[in-house]
Amino acid sequence: MEDSSTNGKIPARIKTRRDFLTYMLGTTVASVAIGYLFPKVSQSREIDLETQCFALSQEFTL
């Protein structure tokens with residue numbers, strides 16, 4: 001039995017896979033574009049190893 005097709009030329013399973021890949025490519029491009037256009041603004045600061053280890057040890061002693 002032949003695969004059912006949506007337009008008579010492309011089998012439905014191939015068209016479905018093509019639609020899915022188009023959707024994935026579109027969402028990937030959109031995500032990258034949004035990340036590039038609207039980067040998250042944050043303040044960075046130097047922190048020494050002792051301060052970081054102290055904060056980590058305080059978190060695990062609870």
Side-chain angles (χ1 to χ4, degrees):
M1 186 161 116
E2 282 187 33
D3 289 337
S4 62
S5 62
T6 55
N7 64 1
K9 295 181 181 180
I10 301 172
R13 63 183 170 80
I14 293 175
K15 184 168 182 356
T16 303
R17 183 172 22 163
R18 185 177 296 157
D19 288 342
F20 173 73
L21 293 175
T22 302
Y23 168 78
M24 290 299 291
L25 180 64
T27 56
T28 300
V29 169
S31 296
V32 170
I34 289 171
Y36 180 76
L37 293 173
F38 304 104
K40 184 176 180 181
V41 179
S42 63
Q43 286 295 107
S44 63
R45 59 188 172 108
E46 288 283 330
I47 187 167
D48 61 346
L49 186 60
E50 291 176 5
T51 306
Q52 200 170 20
C53 289
F54 178 73
L56 188 62
S57 68
Q58 292 297 318
E59 185 176 321
F60 285 115
T61 56
L62 296 175

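Along the sequence shown, residues are numbered consecutively beginning with 1. Bear in mind the structure is a predicted one, so any value in this text is a computation, not a measurement.
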Colleague: Considering only distance and modelled atom types, tabulate donor-acceptor pairs under 3.5 Å from the side chains of residues 23-30, sequence neighbours left out.
Modeller:
unit_1: Thr27; atom_1: OG1; unit_2: Tyr23; atom_2: O; d: 3.1
unit_1: Thr27; atom_1: OG1; unit_2: Met24; atom_2: O; d: 3.0
unit_1: Thr28; atom_1: OG1; unit_2: Met24; atom_2: O; d: 2.8

Colleague: NZ/Lys15 to CG/Asp19 distance, rounded to the nearest 0.5 angstrom?
Modeller: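 Answer for the NZ-CG pair, Lys15 versus Asp19, is 4.0 Å.
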Colleague: With sequence neighbours excluded, tell me which residues meet side chain to side chain contact (heavy atoms under 4.5 Å, CB included) with Leu49.
Modeller: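 Here the qualifying residues are Gln52, Cys53.
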Colleague: Can you sort out the partners of Asp48 under salt bridge (charged side-chain N to carboxylate O under 4.0 Å, His left out), two or more places apart, ordered by chain and number?
Modeller: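 Testing Asp48 for salt bridge (charged side-chain N to carboxylate O under 4.0 Å, His left out), a comparison that skips the adjacent residues, returns none.
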